[in-house]
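Residue numbers run from 1 in the order of the sequence given. Fair warning: this is a prediction, and the values are worked out from it, not measured in the lab. We count ligands from 1, going down the list as the structure has it; atoms in each ligand are counted the same way. The analysis underlying the following values was restricted to heavy atoms, covering all of them including side chains, and did not include hydrogens, waters or symmetry mates.
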Amino acid sequence: MNPFSIAIHGGAGTLLKGQMTPEKEENYRKTLENALSAGFEALNSGKSATDVVSLAVQILEDSPLFNAGKGSVFTAEGTHEMDAAIMEGKDLQAGAVSLVSGIKNPILLARDVMEKSEHVFLAGTGAMNFAKSLGYTLEEAAYFYDELRYQQWQELKGTTHFQLDHSKSKETKESKFGTVGAVACDKYGNLAAATSTGGMTNKNWGRIGDTSIIGAGNYANNATCAVSCTGSGEFFIRGVAAYDVSCLMEYKGLSLAEAAAEVVHKRLMNIGGDGGLIAVDTQGNVALPFNTEGMYRGLRTSTGKSIIAIYGD
Ligand code: ASP
């Protein structure tokens, strides 16, 4: 049996410890723990890495605490447009959706693109028509409403500015981290990565971040690693960040930890990119680097490692 492991994230950003009450912190930790333990138990019972990452991301999407699914941020038009992607390392199969609205679990739609269509990436109206053809029902706007997200949008509404849901803001008394993701190595040595987001508050003009772009915010390859990213998506797209971790391992022979650190602490920072990523290799090793003040994160391995953490200490 191959060593197996799972890592998850709930977004990276400039969360200040003082902005979080102990009760709220406990809520975040509990939700991370739910996703992590459900994923780990599924791995333990022999489920595939693909099943496990979609399960973990689905649990995080169902929580209003994170900027994905239920907790998605507001666009400039006061709507929610979500992006998600999933990839499996065995045969480089992938599925992604962008700019979808009303879908409770965009990660499941991305998986359906991978498994039930001839395509990899569907966006906007076409993605919605694909969902309808599969019998998806849509949630009302009220399902996605969150008072804090609404207030974050009010600060930017009518301007051309957009921001990460977790950016520091003078007016907002608390911050929430965002995008969610999971990577896993299963008992059979197969890797998978899944990532889901509501994107950036007040985003406009059909803006798409890194999350749904294969190789930028999400990537998996059994020859190297599985990666899920979070942060200012424009930089992760320009740096082709997730694929870059894989390339550094494949072409330069770096270890998972070295490759992940090189991308987050050097290459992204060199172009001004803030954020982090989670990554796993086929030996079940895990790396969780970030260059921000915190990143909601967790990992559990068959060798007995178990971590849930938020800040950089
Ligand atoms: N990477 C996401 C995006 O740019 C945002 C995030 O990670 O919170 O859409």
Checklist entry - Mind checking whether His80 and Phe74 have parallel, tilted or perpendicular rings, split at 30° and 60°? => result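 If you compare the ring of His80 with that of Phe74, the planes turn out tilted.
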Ignoring hydrogens and geometry beyond distance, is a side-chain donor-acceptor pair present between [X] and [Y] at under 3.5 Å?
| X | Y | result |
| --- | --- | --- |
| Ser98 | Ser212 | yes |
| Thr179 | Thr230 | no |
| Asn291 | Asp274 | no |

Should [X] be counted as touching ligand 1, given the test is an N or O pair under 3.5 Å?
| X | value |
| --- | --- |
| Asn67 | no |
| Gly233 | yes |
| Thr197 | no |

Item to check | For Asp210, the ligand 1 atoms whose distance to one of its heavy atoms is below 4.0 Å | outcome: 1 (N), 2 (C), 3 (C), 4 (O)
Item to check | Where ligand 1 meets Thr230 - atom numbers and elements under 4.0 angstrom, heavy-atom basis | outcome: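 Those qualifying, in numeric order: 6 (C), 7 (O), 8 (O).
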Item to check | Exceeds 12 heavy-atom contacts within 6.0 angstrom, atom NZ of Lys47 | outcome: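 Not buried by this count: 12 neighbours or fewer within 6.0 Å.
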Checklist entry - Would you say Gly217 touches ligand 1, if touching means a heavy atom closer than 4.0 Å? => result no
Next on the checklist: Taking only non-hydrogen atoms of Gly231, do any sit less than 4.0 angstrom from ligand 1?
Outcome noted: yes
Item to check | Reference residue Asp244; test salt bridge (Lys or Arg N to Asp or Glu O under 4.0 Å); the match among Lys266, Arg267, Arg238, Lys252 | outcome: Arg267
Next on the checklist: Among Met82, Lys203, His9, Arg207, which one puts a heavy atom closest to atom 9 (O) of ligand 1?
Outcome noted: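 Answer by nearest heavy atom: Arg207.
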